[in-house]
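First the structure, in the form of structure tokens, and then the observations on it.
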Amino acid sequence: MKSQFNRNRVLTFLTHLLVISMLFVLPEVLWSLAFPWKKVHPEFFIKAFTFIAVFYVEYYLILRRLPSRSSQWGRFAATNIVLIAVVLTLFYISGFAPSRPPKNPDHVSFISRTALMLTRDAVMIILTIGLAVAMKLGEQWRFLETRRRELADAQRADELANLKSQLNPHFLFNTLNSIYALIAIAPDKAQSAVHELSRMLRYMLYESHATVPLEKEIDFIRNYIELMKLRLSPSLPLEVTLDAGDCADTPVAPLIFITLIENVFKHGDTAAPYKPVTISLTAGSGVVHCVTSNAVAPRAATESGGIGLTNLNRRLSLLYGDRASLKTSVTDGRFVATLSIDLNTETDE
């Protein structure tokens with residue numbers, strides 16, 4: 001970390017040196033190359049390096065901390081006035097200002113030329129200070145923007161972790177209820193259900209990455225459906241389509257579809273054999289579609305809402321933004337949920 005910080009400081013220093021050298025030194029070099037017969041004035045390079053020194057004094061000493069209060073801005077302005085005065089005095093003492101002619105001195109002309117050159121140098125110093133301030137403000141803005149993104153990412157990660165921590169107990173609670181219902185009427189099926197549950201919990205524990213291949217997520221859903229089928233009537237029409245298509249290895253957020261699958265069995269009317277249940281999860285060209293359809297159970301109208309769909313909507317918003325769409329509707333006594341996610345990563349920022 002420290003070595004990276006030092007490298008960044010060296011890189012910043014060299015970048016500044018390159019920019020200000022191009023501003024103050026390069027024009028004279030190009031002039032010399034274009035007109036080689038013209039004499040190169042050494043004082044130009046001395047002044048140029050003086051301006052470079054002013055830049056670094058301003059950037060690293062005066063602007064160590066950007067002013068934030070009115071009193072600090074006053075101190076900042078006073079410090080720069082002193083800096084400008086010191087540099088102009090050095091220029092004058094060093095003879096960079098015009099010297100008085102030994103014969104027939106023209107005091108008015110001398111004063112005018114001196115004032116003109118010192119004014120020009122003062123303007124250059126002010127522009128140099130302005131360049132340092134602009135670069136420092138740009139650096140501060142980049143730092144604040146990076147910090148803002150880091151905080152936003154950390155907050156987003158914490159919220160996702162919190163949502164997932166809500167999802168896991170919610171899933172486990174519903175599954176254990178299903179197994180509990182089997183114990184009294186079909187102990188053998190309950191034993192098989194516990195085995196299926198252990199496989200799913202293993203997936204939830206050891207595949208707890210930010211993303212998993214879509215095929216693994218489909219395998220998890222397939223195991224869950226097999227578990228739910230243990231407590232359903234064999235005569236119930238259950239239409240299941242699970243096909244990863246050409247997206248088997250495409251990464252997807254884990255447990256992103258399970259809420260819709262759970263709701264089919266928890267809130268759907270699965271007691272009547274003439275009310276089919278449809279579960280379809282297909283993918284192609286980087287887009288996944290999950291569609292579930294079930295008859296609405298009579299008790300669903302009176303049950304208080306859970307965290308399932310609210311949790312899912314929030315996760316979709318955090319993970320995929322506009323690339324995900326979840327729509328639900330109730331038509332002719334059937335609840336239909338349609339979830340589409342664009343898993344393509346080549347999206348505009």
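Keep in mind it's a predicted model, so treat the numbers as computed, not measured.
By the rule that hydrophobic residues join a cluster once side-chain heavy atoms approach within less than 4.5 Å of another member, Val291 and Val288 end up as members of separate clusters.
A distance of 10.0 Å separates CD in Glu139 from CG in Leu63, rounded to the nearest 0.5 Å. Taking CG from Leu90 and OG1 from Thr50, the interatomic distance works out to 8.0 Å, rounded to the nearest 0.5 Å. Atom CG of Asn80 and atom CZ of Arg75 lie 13.0 Å apart (nearest 0.5 Å). To the nearest 0.5 Å, atoms CG (Leu339) and CG (Leu316) are separated by 5.5 Å. Separation of atoms CG (Asp342) and OG (Ser285) is listed at 10.0 Å; rounding is to 0.5 Å. One finds the CZ atom of Phe220 at 10.5 Å from the CD1 atom of Ile225 (value rounded to the nearest 0.5 Å).
Across all non-hydrogen atoms, the minimal contact from Leu343 to Arg323 is C-NH1, 4.0 Å. Minimum interatomic distance between Phe51 and Asp121 (heavy atoms only, all atoms of both residues): CE2-O, 4.1 Å. For the pair Gly284 and Asp246, the tightest heavy-atom approach, listed with the atom from each and the gap, is CA-OD1, 3.3 Å. Across all their heavy atoms, Ala253 and Arg315 have their closest contact at CB-NH2, 4.2 Å. Here the shortest heavy-atom pairing between Ile261 and Ile221 reads CG1-CG2, 4.1 Å.
Under the 4.5 Å side-chain criterion, counting only non-hydrogen atoms from C-beta, Leu260 is in contact with Leu309. Between Lys229 and Tyr224, every side-chain heavy-atom pair lies at or beyond the 4.5 Å cut-off. You'll find the side chain of Phe49 stays beyond 4.5 Å of the side chain of Val54, heavy atoms only. In this structure, Leu214 and Phe257 have side chains that are in contact, with non-hydrogen atoms separated by less than 4.5 Å.
Checking side-chain atoms of Arg334 against main-chain N and O of Val296 turns up no donor-acceptor pair under 3.5 Å. Formation of a donor-acceptor pair under 3.5 Å by the Ser317 side chain with backbone atoms of Asn313 is not found in this model. Looking at Arg147, its side chain never comes within 3.5 Å of a backbone N or O of Arg142 through a donor-acceptor pair. Between the Glu217 side chain and the Leu255 main chain, a donor and an acceptor come within less than 3.5 Å of each other.
Using bins of under 30°, 30° to 60° and over 60° for the plane-to-plane angle, the ring pair Tyr59/Phe55 lands in the parallel bin.
Using modelled atom types, one finds no donor on one side chain facing an acceptor on the other under 3.5 Å when comparing His289 with Thr282.
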message = Would Val336 and Thr331 count as a side-chain contact (heavy atoms from CB on, under 4.5 Å) here? Give the steps.
response = CA-CA 8 Å; Val336 179; Thr331 305; 5.8 Å; no

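Surrounding CG of Asp322 are at most 12 heavy atoms belonging to other residues, nucleotides or ligands under 6.0 Å away.
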